Amino acid sequence: MTIKKSEVDAFLARPLDHWVGVKKLTREQLLRELRGLRVPPQFKTEPWLHQLACFYIGVHMPEFLWLLDMGLGKSKIVADLITHAQRTKRLKRALIGVPRLINVDSWEGDLAKHSDLEPWRCGAGEIEEKRERLLNPQGDVTIIDYAGLHLALCDKVMVKGKRGMEYRRNDRAVRQAQKLYNFVDLDESHKLQNHQSLWFGIARQLTKTADFVYANTGTLFGSNIEGAWSQFFLVDRGETFGENLGKFRAAFFHEKADQWRGITYEFNRQRARNFYRMLQHRSLRYDEAEVPEVDLPPRVMRAEHCEMAPEQREHYLRAVQGVLDAGGKLRELDANWLRMRQIVSGYLEWEDDHGRHLIPFKHNPKLDLLERLMDEVGGRSKVVICHDYTTTGRLITERLKAMGIDYEWLYGGTKDKSASRRRFLEDPGCTAFVMNSEAGGTGNDGLQDVARYLFFYETPTSPITRQQTLKRIHRPGQRNRCFIYDLVMRQSTDRGILDDIAANRDLHDSLVAGRVDRRKFFS
């Protein structure tokens, strides 16, 4: 449906709130305002100035997004707001959605530190157990991961005419959850930016009826600004960016035809000022530089290089040719992209009618480089080693085991992620923490207390995931200079990925969109 220009103009010209001025208030001014409330707040731990400002806004605005850099204490703000809602007798129960199970552990610890609220965790378990705990809570604050929330409020059903099973929303269970929880906080809300996902659909239903809806993230969007619409919609039902995505696109994007992907949308940079004015209607941004209480030690970024082995080079060139021959076919592009990255990491892996096959290269220069770096650290410091693919993680852990290095491995298949994290934090003999960037890159707090080295054996291509991951050690609580190492294979995708991240682009996304320069494969 075409949206008239007059509608777009009216949409852009609406009067909107503006909260940046709150940043100029002193601690004394904020405390004076808060003491004037019918029920003055009580804080278990002393808030930093920016936390006090965010709390002040949250008390007056029951729908808001906190755009705070990682480590600036979003969980304390939420804990204080839940406590205040409880003291003013407006709280039924609170629900906190988190990206992954390991985040449940961090939130439980933060709630105990900053409040007297009783947490109720919905951790690992069968679907029935998750639903039982979600719909029969025994505490003040239920903490559940987004995948678990989706499973708890959906049924697995057989669909006529389709092979296999799929998940369908259980509306009765959703209505029951809506009655239970009138305070919803969406942690790392950028994980919900895909408005077509079931995660978004479930969150949309729960926030629809809640009296208090907040979201927190340090990375609202990466290169795709469209992700802002879905997160704001979950919080304010379209008050900021419109009730439907069509109007948002009409206001801020150019529509373009793409021979491979159909219609695409490119941000209209002439509307950037309008966009940022709207952002300020129901959000407030703080970065580290604005928080005087944060005095982080320097961060040193280094790239360590190695050369491909002849066997690798031969397979790599074939994979590049596969990308060039794909002609825009997404499945072939993705398959060859995956093959390129795996070859650079030291192996070939594929699946056919006879099963899954894995061939590690006899000589793996990148693993040798990792071993050299681990030798240089010399067991004196704990190290976080990041990877993207499970097979890569397995190769890394096998090399560490051969070196006699005690480690923990956090990835999708780790049975007890919390126990794995705790052992690395508490056991002096466990010096390596091998971590899938997606599984451990968000909300995995505490690593900064024990580690100051982080090695990217494989870097995520997403700038958001990359930033989240390196902030696991460079965040408040870190007392030492941090060293971030990228293990880079020369004449491969490794350098191209890092260059695109520096420009806030995702090389993989550029590839499938047909906008990548082939020179990126040989940087």
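As the structure is a computational prediction, the values presented were derived from the model and not from experiment.
- Note: F183 CZ to Y214 OH = 5.5 Å, rounded to the nearest 0.5 Å.
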- Message: For a salt bridge (Lys or Arg N to Asp or Glu O under 4.0 Å) check, start with the C-alpha distance between D155 and R131, then their side-chain angles and the critical distance, and finish with the verdict.
- Response: CA-CA 11 Å; D155 294 322; R131 182 176 295 178; 3.0 Å; yes

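- Scanning both residues, R505 and P463, for their nearest heavy atoms gives O-CG, 3.5 Å.
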- Could you walk me through whether F212 and I82 pass the side chain to side chain contact (heavy atoms under 4.5 Å, CB included) check? CA-CA 9 Å; F212 305 90; I82 297 173; over 6 Å; no

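- Residue Y146 is tested with L186, L198, L151, V98 for a side chain to side chain contact (heavy atoms under 4.5 Å, CB included); the sole match is L186.
- In summary, E408 and R421 do not engage in a salt bridge, as defined by a charged side-chain N under 4.0 Å from a carboxylate O.
- A donor atom on one side chain and an acceptor atom on the other are found under 3.5 Å apart for Y181 and T142.
- Atom NZ of K44 sits in a crowded spot, with more than 12 heavy atoms from other residues, nucleotides or ligands closer than 6.0 Å.
- Taking the charged nitrogens against the carboxylate oxygens, E438 and K191 do have a contact shorter than 4.0 Å, which makes a salt bridge.
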- Message: Checking R237 against T207 for the side-chain hydrogen bond (donor to acceptor under 3.5 Å, both in side chains) test, could you report, in this order, the C-alpha distance in whole Å, the side-chain angles of both residues, the deciding distance, and whether it holds?
- Response: CA-CA 9 Å; R237 316 307 297 179; T207 57; 3.1 Å; yes

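- The nearest pair of heavy atoms linking A439 to G412 is CB-N, 4.3 Å.
- Rounding to the nearest 0.5 Å places CG of L101 at 6.0 Å from NZ of K417.
- Figure legend: cation-pi geometry between K382 and F424, with NZ or CZ positioned under 6.0 Å from the six-membered ring centre and within 45° of its axis.
- Between H60 and Y56, the ring centre distance stays below 6.0 Å.
- A salt bridge links R341 to D388: at least one charged side-chain nitrogen sits closer than 4.0 Å to a carboxylate oxygen.
- Looking at D500 and R466, no side-chain N of the basic residue comes within less than 4.0 Å of a carboxylate O on the acidic one, giving no salt bridge.
- Ring centers of F233 and H195: at least 6.0 Å apart, outside the cut-off.
- For E243, the CD atom counts as loosely surrounded, since its 6.0 Å shell holds 12 or fewer non-hydrogen atoms of other residues, nucleotides or ligands.
- The two residues R299 and M301 come nearest to each other via the heavy atoms NE-SD, 3.6 Å.
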- Message: Run L134 and L180 through side chain to side chain contact (heavy atoms under 4.5 Å, CB included) and show every step you take.
- Response: CA-CA 9 Å; L134 178 69; L180 282 168; over 6 Å; no

- Decide yes or no on ring pair (Phe, Tyr, Trp, His ring centres under 6.0 Å) for F232 and H281, but give the supporting numbers first. CA-CA 10 Å; F232 273 81; H281 178 62; 8.7 Å; no

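- Taking CD1 of I202 as the start and CG of L234 as the end, the distance is 11.5 Å to the nearest 0.5 Å.
- In summary, K74 and D185 do not engage in a salt bridge, as defined by a charged side-chain N under 4.0 Å from a carboxylate O.
- A distance-only check finds no donor-acceptor pair linking the side chain of R452 to the backbone of I473 [under 3.5 Å].
- In summary, the aromatic rings of F252 and Y265 are positioned with their centroids too far apart to meet the 6.0 Å limit.
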- Query: Given the rule in the side chain to side chain contact (heavy atoms under 4.5 Å, CB included) test, do L37 and T88 qualify, once you have shown the distances and angles that lead to the verdict?
  - Reply: CA-CA 10 Å; L37 296 175; T88 55; over 6 Å; no

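- The number of heavy-atom neighbours closer than 6.0 Å to NZ of K23, taken from other residues, nucleotides and ligands shown, is above 12.
- Taking CZ from F275 and CG from N268, the interatomic distance works out to 12.0 Å, rounded to the nearest 0.5 Å.
- Counting all heavy atoms, side chain and backbone alike, W229 lies closest to L245 at CZ2-N, 3.6 Å.
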- F456 and T469: CA distance, side-chain angles, deciding distance, side chain to side chain contact (heavy atoms under 4.5 Å, CB included) verdict: CA-CA 10 Å; F456 281 109; T469 303; 3.8 Å; yes

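- Taking all atoms of both residues into account, the shortest heavy-atom contact from L296 to P476 is CD2-N, 3.5 Å.
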For residues 9-18, please give each side-chain donor-acceptor pair under 3.5 Å, one per line with the distance, not counting sequence neighbours.
unit_1 : atom_1 : unit_2 : atom_2 : d
D9     : OD2    : K5     : NZ     : 2.8
R14    : NE     : F11    : O      : 2.8
R14    : NH1    : E239   : O      : 2.8
R14    : NH2    : T240   : O      : 2.7
D17    : OD2    : R282   : NH1    : 2.6
D17    : OD2    : R282   : NH2    : 3.1
H18    : NE2    : Q280   : OE1    : 2.7

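- Residues T209 and R175 have side chains that never bring a donor and an acceptor to within less than 3.5 angstrom of each other.
- Side chain of D80 to backbone of I77: no donor-acceptor contact under 3.5 angstrom is found.
- To the nearest 0.5 Å, the span separating CH2 on W409 from OG1 on T414 amounts to 7.5 Å.
- R121 and R133 get closest at one heavy-atom pair: O-NE, 2.8 Å.
- Q448 contributes a side-chain N or O that, together with a main-chain N or O of G446, makes up a donor-acceptor pair within less than 3.5 Å.
- Defined by atom type and a distance below 3.5 Å, a donor-acceptor pair is present between the side-chain atoms of D506 and T461.
- The CG atom of L192 sits 7.5 Å away from the CD atom of Q231 when rounded to the nearest 0.5 Å.
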- Task: Check step by step if side-chain hydrogen bond (donor to acceptor under 3.5 Å, both in side chains) holds for Q467 and T219.
- Result: CA-CA 9 Å; Q467 176 68 6; T219 44; over 6 Å; no

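- Judged by a 6.0 Å distance limit and a 45° cone about the ring axis, R285 is not positioned over the six-membered ring of Y276.
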